[in-house]
Amino acid sequence: MKNRYPFPDLNTLPQDIRQRIAEVQEKTGFIPNVFLAFARRPAEWRAFFAYHDALMLKEEGSLSKGEREMIVTATSAANQCLFCVVAHGAILRIHEKKPLIADQIAVNYRKADISPRERAMLDFAMKVCLHSQDIDDADHEALYPHGFDDEDIWDIAAITAFFGLSNRMASFAGMQPNPEFYLMGRVPREKKA
């Protein structure tokens, strides 16, 4: 499947978007397709990445970067989003320094090599993903013994919901994962000279 919407020419994009894309390219060595796909609509690009950053880069709360990526990988798999499973699975492998973790979580997180805390977190995230209308006090209560507070629970739900939007946008648009994502965190990264 190909991307249904052509990527815009980088030179035609607003300066703030070009700058952010250049920063990501410098850090990763490539431009993740999501940055180009959303850039066709600059106002939506800015809103999308502002909320993404607020959820995924925040310093507050007890969720680690790896745990945030576990939520994205597990729920994106439930939503059958190839782009997000592959891209965020790569980031998960890097944060956790475990080359097998993303595949385990994407296929069946209940059998993955994760902690009871992480399993409880993913149980809640999957319920938000698939049956949010059924969330009740018992679901919150199940997370407290694992060290999550109400703000952490909000983060789990917000990450799940935000990536539900992202999954649907990527899937309908035919957004494909960059080939680079498939090997990230599986093989050692080449050192720059």
Side-chain angles (χ1 to χ4, degrees), residues 1 28 32-34 51-52 55-58 61-189:
M1 174 179 277
T28 63
N33 287 338
V34 67
Y51 197 36
H52 171 278
L55 293 172
M56 300 303 283
L57 303 179
K58 70 185 276 186
S62 76
L63 294 179
S64 70
K65 289 180 180 179
E67 287 171 333
R68 291 171 196 278
E69 296 297 342
M70 285 180 192
I71 295 166
V72 179
T73 302
T75 61
S76 294
N79 290 327
Q80 299 181 35
C81 179
L82 177 65
F83 181 88
C84 291
V85 169
V86 172
H88 289 275
I91 299 167
L92 169 58
R93 289 189 298 272
I94 290 167
H95 285 309
E96 293 295 306
K97 296 176 179 47
K98 294 179 179 178
L100 307 180
I101 192 72
D103 298 321
Q104 294 172 354
I105 286 178
V107 172
N108 186 350
Y109 75 90
R110 289 180 185 93
K111 294 185 177 182
D113 183 20
I114 58 176
S115 70
R117 169 189 162 92
E118 293 160 345
R119 189 164 285 110
M121 173 190 74
L122 293 178
D123 284 341
F124 183 78
M126 292 300 284
K127 191 166 183 181
V128 170
C129 178
L130 301 171
H131 305 287
S132 60
Q133 71 280 3
D134 296 330
I135 298 286
D136 60 23
D137 290 344
D139 296 300
H140 290 252
E141 295 293 331
L143 291 170
Y144 297 142
H146 296 283
F148 297 108
D149 64 20
D150 287 329
E151 296 306 311
D152 297 324
I153 294 168
W154 179 285
D155 287 342
I156 296 166
I159 292 166
T160 301
F162 174 77
F163 279 95
L165 172 140
S166 181
N167 297 159
R168 284 155 180 82
M169 293 299 291
S171 293
F172 106 87
M175 193 184 310
Q176 296 300 300
N178 301 68
E180 294 88 345
F181 281 126
Y182 287 95
L183 295 180
M184 287 172 58
R186 294 186 198 277
V187 295
R189 188 173 178 180

> Taking all atoms of both residues into account, what is the closest heavy-atom pair of Phe83 and Met175, and its distance?
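Scanning both residues, the minimum pair turns out to be CB-O, 3.7 Å.
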> Tell me whether Arg68 contacts the main-chain N or O of Leu55 through its side chain, where contact means a donor paired with an acceptor under 3.5 Å.
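Yes; at least one donor-acceptor contact below 3.5 Å.
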> Just verifying a value: how many Å separate Gln133 CD and Lys127 NZ, rounded to the nearest 0.5 Å?
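Gln133 CD to Lys127 NZ: 9.0 Å, rounded to 0.5 Å.
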> Look at atom CD of Gln80 and say whether more than 12 heavy atoms of other residues, nucleotides or ligands are closer to it than 6.0 Å.
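At most 12 heavy atoms, drawn from other residues, nucleotides or ligands, come within 6.0 Å of this atom.
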> Which heavy atom of Glu96 sits nearest to which heavy atom of Glu67, and what is that distance?
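Heavy atoms of Glu96 and Glu67 come nearest at OE2-N, 4.2 Å.
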> Dump the intermediate steps for side chain to side chain contact (heavy atoms under 4.5 Å, CB included) on Ile105 and Ile114, then the final yes or no.
CA-CA 9 Å; Ile105 286 178; Ile114 58 176; 4.0 Å; yes
> Check whether Arg119 reaches the backbone of Ala112 with its side chain - one donor and one acceptor, N or O, closer than 3.5 Å.
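Yes; judged by distance alone, with no hydrogens or angles, the pair exists.
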> Shortest non-hydrogen contact from Met126 to Ala74?
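What the structure gives for the nearest pair is SD-O, 3.8 Å.
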> Walk me through whether Leu122 and Arg110 qualify under side chain to side chain contact (heavy atoms under 4.5 Å, CB included).
CA-CA 9 Å; Leu122 293 178; Arg110 289 180 185 93; over 6 Å; no
> Is the shortest side-chain heavy-atom distance between Phe163 and Cys129 below 4.5 Å?
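Side-chain contact under 4.5 Å: no.
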> Can you tell me how far CG of Leu165 sits from NE2 of His52, rounded to the nearest 0.5 angstrom?
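One finds 12.0 Å between NE2 of His52 and CG of Leu165.
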> Measuring from Asp155:CG to Asp150:CG, what's the distance to the nearest 0.5 Å?
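The CG atom of Asp155 sits 11.0 Å away from the CG atom of Asp150.
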> Within the side chain of Asn33, is there an N or O that forms a donor-acceptor pair under 3.5 Å with the backbone of Gln176?
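Confirmed, Asn33 side chain pairs with Gln176 backbone.
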> Do Ile159 and Leu63 have side-chain heavy atoms sitting under 4.5 Å apart?
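Heavy-atom side-chain distance check passes, below 4.5 Å.
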> Do other residues, nucleotides or ligands put more than 12 heavy atoms under 6.0 Å from the CG atom of Asp136?
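Counting other residues, nucleotides and ligands, CG of Asp136 exceeds 12 neighbours.
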> What closest approach, in Å, do Val86 and Pro177 show between heavy atoms, and which atom pair accounts for it?
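The pair with the smallest heavy-atom distance is CG1-CB, 3.6 Å.
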> Side chain to side chain contact (heavy atoms under 4.5 Å, CB included), that's the test. Do Thr73 and Arg93 meet it? Break it down for me.
CA-CA 11 Å; Thr73 302; Arg93 289 189 298 272; over 6 Å; no
> Do you know the tightest heavy-atom contact between Ala78 and Leu130?
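Heavy atoms only, the tightest pair is CB-CD2, 4.2 Å.
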> Do Glu180 and Thr28 have side chains that get closer than 4.5 Å, going by heavy atoms?
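The answer is no; the side chains never approach within 4.5 Å.
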> Could you check whether any side-chain heavy atom of Phe148 comes within less than 4.5 Å of a side-chain heavy atom of Met121, counting everything from C-beta outward?
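Yes, close enough: below the 4.5 Å cut-off.
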> If you take all heavy atoms of Thr75 and Ala125, which pair is closest and at what distance?
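In this case the closest contact between Thr75 and Ala125 is CG2-O, 3.8 Å.
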> So, do Phe162 and Met56 sit near enough that their side-chain heavy atoms are less than 4.5 Å apart?
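No. Closest side-chain heavy atoms not under 4.5 Å.
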> Between Phe124 and His140, is the gap from one ring center to the other below 6.0 Å?
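They qualify: ring centres under 6.0 Å apart.
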> Nearest 0.5 Å please: distance from the CG atom of Leu92 over to the CE atom of Met184.
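Atom-to-atom, Leu92:CG and Met184:CE are 11.0 Å apart.
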> Check whether any side-chain heavy atom of Ile156 lies under 4.5 Å from a side-chain heavy atom of Val128, and answer yes or no.
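Not touching, per the 4.5 Å side-chain cut-off.
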> Is there a side-chain contact between Arg117 and Ser62 in this structure, where contact means two heavy atoms from C-beta onward sitting under 4.5 Å apart?
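Side-chain contact under 4.5 Å: yes.
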> Between Asp149 (side chain) and Glu151 (backbone), is there a donor-acceptor pair under 3.5 Å?
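Checking the backbone N and O of Glu151 against the side chain of Asp149, a donor-acceptor pair under 3.5 Å is found.
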> State, with a plain yes or no, whether a side-chain heavy atom of His95 is found less than 4.5 Å away from one of Ile101.
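Not touching, per the 4.5 Å side-chain cut-off.
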> Can you tell me how far apart CG (Asn79) and SG (Cys84) are? Round to the nearest 0.5 Å.
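Interatomic distance, Asn79 CG to Cys84 SG, rounded to 0.5 Å: 9.0 Å.
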> More than 12 heavy atoms of other residues, nucleotides or ligands under 6.0 Å from NZ of Lys58: is that the case?
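Yes.
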